Q: 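My questions will all concern the structure given below.
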Amino acid sequence: MKRMCMAPPDCCVIIEMEQGALLGYRKAVLLNEIEALGSLAKAAKVAQIDHRHARDLVEEMNRSFSQPLVVFLGNPARSDRVELTPKGESTVKAYWQQFEPVWLSIIEERSRHY
């Protein structure tokens with residue numbers, strides 16, 4: 001998947017990906033970096049998220065969605081090696097497809113007021 005080069009939004013853009021399963025910009029960026037780097041610590045650093053918080057976010061996403069988005073390679077309690085599941089890949093791809101038009105409309109609306 002192509003890595004996004006968008007500036008982070010200064011507002012909260014959260015999309016319901018499944019009934020009750022929400023995905024926001026920072027989690028989507030974390031998933032992108034996991035896919036690219038295969039390391040939770042490295043992904044968290046690039047996404048500017050504390051490593052422990054990143055692990056909590058991954059565990060929360062895995063519980064919230066109908067199938068896990070990320071798998072830990074090795075002992076889940078200690079492993080830093082991670083990869084997206086097929087469900088994770090499709091979910092993050094769908095998020096960016098839905099996010100882009102929303103973000104562009106926010107930018108367009110703001111430009112009308114300045």
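Because the structure is predicted, anything quoted here is derived from the model rather than measured.
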Q: Could you go through residues 15-23 and list every donor-acceptor pair under 3.5 Å that involves a side-chain atom there, pairing it with any protein atom two or more places apart or in another chain?
A:
| unit_1 | atom_1 | unit_2 | atom_2 | d |
| --- | --- | --- | --- | --- |
| Glu16 | OE2 | Gly20 | N | 2.6 |
| Glu18 | OE1 | Ser66 | N | 2.9 |
| Glu18 | OE1 | Ser66 | OG | 3.4 |
| Glu18 | OE2 | Ser66 | OG | 3.0 |
| Glu18 | OE2 | Lys87 | NZ | 2.4 |

Q: Identify, with sequence neighbours excluded, every residue that meets side-chain contact (heavy atoms from CB on, under 4.5 Å) alongside Glu60.
A: Lys27, Leu57, Arg63, Ser64
Q: Hey, can you tell me if Phe99 and Trp96 have their rings parallel, tilted or perpendicular (30° and 60° cut-offs)?
A: perpendicular
Q: Does Thr85 reach the side chain of Val70, with side-chain heavy atoms less than 4.5 Å apart?
A: no
Q: The criterion is side-chain hydrogen bond (donor to acceptor under 3.5 Å, both in side chains); which residues satisfy it with Asp80, sequence neighbours excluded?
A: Ser39
Q: Taking the side chain as C-beta and beyond, is there a heavy-atom pair between Glu33 and Lys42 under 4.5 Å?
A: no
Q: Under the side-chain contact (heavy atoms from CB on, under 4.5 Å) test, which residues partner Lys45, sequence neighbours left out?
A: none
Q: Looking at every non-hydrogen atom in both residues, tell me the closest pair between Tyr95 and Gly24 and how far apart they are.
A: OH-C, 3.4 Å
Q: To the nearest 0.5 angstrom, please state how far the NZ atom of Lys93 sits from the CD atom of Gln98.
A: 13.0 Å
Q: Give, for atom CD1 of Ile34 and atom CD of Glu89, the distance between the pair rounded to the nearest 0.5 Å.
A: 12.0 Å
Q: Checking Phe65 now: which residues fulfil ring-ring contact (aromatic ring centres under 6.0 Å, His included) with it, not counting sequence neighbours?
A: none
Q: To the nearest 0.5 Å, how far apart are CG in Asn62 and CD in Gln67?
A: 11.0 Å
Q: Using a 4.5 Å cut-off on heavy atoms from C-beta on, say whether the side chain of Val71 contacts that of Val82.
A: no
Q: Sequence neighbours left out, what passes side-chain contact (heavy atoms from CB on, under 4.5 Å) with Arg55? Give chain and number order.
A: Leu40, His51, Glu59, Phe72
Q: Ignoring hydrogens, what is the shortest heavy-atom contact between Ala47 and Val29? Give both atom names and the distance.
A: CB-CG1, 3.9 Å
Q: In the single-linkage hydrophobic clustering (I, L, V, M, F, W, Y; side-chain heavy atoms under 4.5 Å), do Val102 and Leu31 co-cluster?
A: yes
